[in-house]
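In what follows, a single structure is set out as structure tokens and then discussed.
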Amino acid sequence: MENQLVLVLDFGGQYNQLITRRVRECGVYCEIVRYTTPLTEILKKKPVGIIFTGGPNSVTDENAPHIDPGIFSCGVPILGICYGCQLMAYTLGGSVVPCETSEYGKTQTIYDKSNVLFQAEELPETAISWMSHTDYISEVPEGFSIIAHTEDCPTAAMACPERKLYAVQFHPEVNHTEHGLTILNQFLKEVCGCVGDWTMENYAKLAIQQIREKVGDGRVLLALSGGVDSSVCAALLSKAVGKKHTCIFVDHGFLRKNEGDEVEAAFHGQDIQFIRVNAKAVFMEKLNGISDPETKRKVIGEEFIRAFERESKKLGTVDFLAQGTIYPDVIESGSGDAAVIKSHHNVGGLPDYVDFQEIIEPLRLLFKDEVRQLGIELGLPGHLVWRQPFPGPGLAIRIIGEITDEKLQILQDADWIFREEISKAGLDREIHQYFAVLTNMRSVGVMGDGRTYDYTVALRGVMTTDFMTADFAKIPYEVLEIVSARIVNEVKNVNRVVYDITTKPPATIEWE
Ligand code: XMP
């Protein structure tokens with residue numbers, strides 16, 4: 001059975017993905033499509049509801065995005081948000097004009113509690129909503145009534161219940177809007193009649209069934225990195241097709257302490273062909289004498305492909321190559337053929353050399369947090385499911401300069417202590433990425449009665465939403481104190497620990 005679908009029509013607003021995620025939080029499956037998608041295409045998908053997003057334009061701009069007015073009479077309930085609200089008003093004959101006082105930020109909003117959108121008990125008659133607009137609806141279209149207002153905005157929400165058309169000037173999807181999720185939920189459940197059938201339990205069942213049907217007697221190959229996406233993908237495939245599925249885990253030796261064994265432990269003994277390639281010696285040899293970060297990356301990337309290639313050739317013909325593409329990758333690379341072409345050449349850098357018929361991407365509908373939920377549903381251990389982002393080249397780009405066995409050991413031990421203490425302090429899910437770096441610097445210290453001349457370990461912890469910009473994490477001094485004391489005491493050849501307090505930009509998150 002297919003899930004009920006709600007479509008989000010994207011008008012270019014910054015919260016588009018957030019709206020989609022919130023709808024899914026309400027247990028309703030939701031996809032984003034561009035506003036230019038023809039109405040016939042939209043209707044072919046049989047949505048039970050449509051949401052118009054916000055957008056940067058003014059509806060009266062010459063090049064402002066518009067919509068086929070037929071959408072308003074196709075019988076599918078619509079919720080317009082911000083620009084989407086104004087577009088609905090404008091298209092149906094209302095008036096949209098520039099605000100005398102623009103509203104931006106938290107705004108006291110008075111709701112009409114008799115309207116279905118605002119009927120939920122927990123929503124008070126007056127509450128904060130998040131506004132961000134420079135135009136307002138001065139006149140609602142015929143048949144509509146105003147169902148919310150603020151001091152400066154006479155139409156904070158409007159509705160035409162007969163036609164199942166609703167619109168809100170504010171952003172119910174952002175956390176700043178009190179009970180915003182409740183308002184969305186009312187639209188989904190009470191107006192669209194959604195039953196809330198989007199759960200990871202259902203998703204897992206459906207995905208397993210679909211993979212089985214597609215794969216038939218064929219064979220599937222997956223490059224397992226140990227990251228969240230490829231691990232969940234592997235777990236799903238193993239449940240779906242068991243031994244017809246082979247995972248190749250190329251361990252380049254630059255994973256964190258014990259991580260290679262943890263990945264193996266999670267999959268070994270499962271109903272799956274699991275191949276671990278211990279390639280550390282080869283990688284170390286190829287990296288001998290190399291200290292330039294980009295050269296390190298290039299050498300590791302190439303050798304990774306070669307190692308995978310050597311192993312996969314032993315398997316003979318493979319019918320499907322699986323990869324852990326997730327929904328944000330699909331949205332970012334555009335929908336339709338473009339995404340397929342991109343993903344084909346983007347299997348963690350594994351392009352044309354493996355002979356396979358088709359790619360399967362069992363996670364391409366899921367957001368990252370849903371991938372994690374699915375991992376839990378499939379019984380994967382917490383340390384894999386909650387794994388923080390980790391660069392493909394691993395610790396090789398966290399050892400500044402040339403890589404040696406000794407340095408790798410030092411870094412693995414220091415990083416282990418840091419992660420252990422962060423976890424003990426209950427910060428492991430708060431800080432978005434945290435790790436140790438082995439600097440290439442030695443300095444003078446004193447230990448016992450003797451002078452030392454040893455390495456400096458740098459600790460890095462960042463808070464970020466998109467990894468494009470980041471702030472350093474304000475880790476409590478008490479935690480840093482314990483980490484520092486433990487590292488200098490427990491890790492040989494380290495006599496100094498520093499904490500990196502730079503933001504990105506100008507620094508990057510990684511040191512190389
Ligand atoms: P930077 O250092 O560019 O890092 O601020 C941003 C995010 O990207 C990760 N990163 C990498 N991931 N291969 C990867 O797979 C790489 O070569 C690489 N370099 C950086 C980094 O860990 C952070 O999450």
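As the structure lists them, so they are numbered: ligands from 1, and atoms in each ligand from 1.
- Counting only heavy atoms from C-beta outward, the side chains of F283 and V250 approach each other to under 4.5 Å.
- With sequence neighbours left out, R496 forms a salt bridge (charged side-chain N to carboxylate O under 4.0 Å, His left out) with no residue at all.
- Residues Q412 and L255 are not in side-chain contact: their nearest non-hydrogen atoms beyond the backbone lie 4.5 Å or more apart.
- Using a cutoff of 4.0 Å between basic side-chain nitrogens and carboxylate oxygens, K257 and D413 are scored as salt-bridged.
- Screening K504, R460, R398 for a salt bridge (Lys or Arg N to Asp or Glu O under 4.0 Å) with E510, the sole residue that qualifies is R398.
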Between ligand 1 and the protein, which N/O pairs are shorter than 3.5 Å?
{"from": "ligand 1", "atom 1": "2 (O)", "to": "I509", "atom 2": "N", "distance (Å)": "3.3"}
{"from": "ligand 1", "atom 1": "2 (O)", "to": "E510", "atom 2": "N", "distance (Å)": "2.8"}
{"from": "ligand 1", "atom 1": "5 (O)", "to": "K504", "atom 2": "NZ", "distance (Å)": "2.6"}
{"from": "ligand 1", "atom 1": "5 (O)", "to": "I509", "atom 2": "N", "distance (Å)": "2.7"}
{"from": "ligand 1", "atom 1": "15 (O)", "to": "G392", "atom 2": "N", "distance (Å)": "2.9"}
{"from": "ligand 1", "atom 1": "17 (O)", "to": "R297", "atom 2": "NE", "distance (Å)": "2.6"}
{"from": "ligand 1", "atom 1": "19 (N)", "to": "R297", "atom 2": "NH2", "distance (Å)": "3.0"}
{"from": "ligand 1", "atom 1": "22 (O)", "to": "Q433", "atom 2": "NE2", "distance (Å)": "2.9"}
{"from": "ligand 1", "atom 1": "22 (O)", "to": "E510", "atom 2": "OE2", "distance (Å)": "2.5"}
{"from": "ligand 1", "atom 1": "24 (O)", "to": "Q433", "atom 2": "OE1", "distance (Å)": "2.8"}
{"from": "ligand 1", "atom 1": "24 (O)", "to": "Q433", "atom 2": "NE2", "distance (Å)": "3.4"}

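- Cation-pi geometry between K205 and Y203 is not met at under 6.0 angstrom from the ring centre and within 45 degrees of the axis.
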